[in-house]
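As a basis for the values below, the full set of heavy atoms in this structure was taken, side chains included, without hydrogen atoms, waters or symmetry mates. If you read the sequence from its start, that first residue is 1, and numbering goes on from there. Note that the coordinates shown come from a computational prediction; the quantities given were computed from them, not determined experimentally.
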Amino acid sequence: MQASFTLESAGHVTCDLFAPDGRRVGQLANGSFSAGPHLLRWEPTGAALPSGVYYVRLTTPQGTWTRSMAVVR
């Protein structure tokens, strides 16, 4: 899984992956990022995620966005 975003100015970024029941199943980012474009990749460790709909929440100094994604196996 990957997510791309652009920051207008440097700041703290978090990007989390959630199961439909609200459990956090992964974290793509949690730290300081410079201004400009960024690409986050998540490589799961252990068992692969089962098929289903998941939610990605990206929080930056510019705001918070939540998007759904489907995992198909």
Side-chain angles (χ1 to χ4, degrees):
M1 207 234 25
Q2 63 184 28
S4 61
F5 62 97
T6 301
L7 291 180
E8 295 173 4
S9 59
H12 190 83
V13 172
T14 60
C15 186
D16 297 301
L17 181 63
F18 294 91
D21 64 4
R23 287 178 301 115
R24 189 176 81 177
V25 295
Q27 185 170 65
L28 284 77
N30 183 12
S32 296
F33 283 74
S34 60
H38 298 277
L39 177 66
L40 302 174
R41 292 189 62 118
W42 183 59
E43 300 294 335
T45 57
L49 290 175
S51 295
V53 176
Y54 294 86
Y55 299 91
V56 178
R57 182 176 64 201
L58 176 70
T59 303
T60 74
Q62 295 161 216
T64 299
W65 297 267
T66 303
R67 301 287 184 266
S68 62
M69 65 169 229
V71 173
V72 180
R73 300 257 176 231

* Asked: How far does CE of Met69 sit from CG of Leu17, to the nearest 0.5 angstrom?
  ->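 Atom-to-atom, Met69:CE and Leu17:CG are 5.0 Å apart.
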* Asked: In Å, rounded to the nearest 0.5 Å, how long is the span from CG of Leu58 to OG1 of Thr66?
  ->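 If we round to the nearest 0.5 Å, Leu58:CG and Thr66:OG1 are 9.0 Å apart.
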For [X] and [Y], work out which heavy atoms get closest and say how close.
{"X": "Tyr55", "Y": "Ser68", "answer": "CE2-CB, 3.7 Å"}
{"X": "Val56", "Y": "Cys15", "answer": "CG1-SG, 3.6 Å"}
{"X": "Leu49", "Y": "Val71", "answer": "O-CG1, 3.9 Å"}
{"X": "Leu39", "Y": "Ser4", "answer": "CD1-CB, 4.0 Å"}
{"X": "Pro61", "Y": "Gly11", "answer": "CG-CA, 3.7 Å"}
{"X": "Pro20", "Y": "Val53", "answer": "CG-O, 3.0 Å"}

* Thr60 versus His12: any side-chain heavy-atom pair under 4.5 Å? ->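 A side-chain contact is absent here, since even the closest heavy-atom pair is not under 4.5 Å.
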* **Passing candidate, salt bridge (Lys or Arg N to Asp or Glu O under 4.0 Å) with Asp16, options Arg23, Arg67, Arg24** =>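 That would be Arg24; it is the only one of Arg23, Arg67, Arg24 passing the salt bridge (Lys or Arg N to Asp or Glu O under 4.0 Å) with Asp16.
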* Quick one: side-chain contact (heavy atoms from CB on, under 4.5 Å) partners of Glu8, sequence neighbours excluded? ->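 Scan of Glu8 (side-chain contact (heavy atoms from CB on, under 4.5 Å), adjacent residues dropped) gives Gln62.
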* To do: Sort and list the pairs that fulfil ring pair (Phe, Tyr, Trp, His ring centres under 6.0 Å) and have at least one residue in residues 15-40, not counting sequence neighbours.
  =>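 Sorted result for residues 15-40: Phe5-Phe33, Phe5-His38, Phe33-His38.
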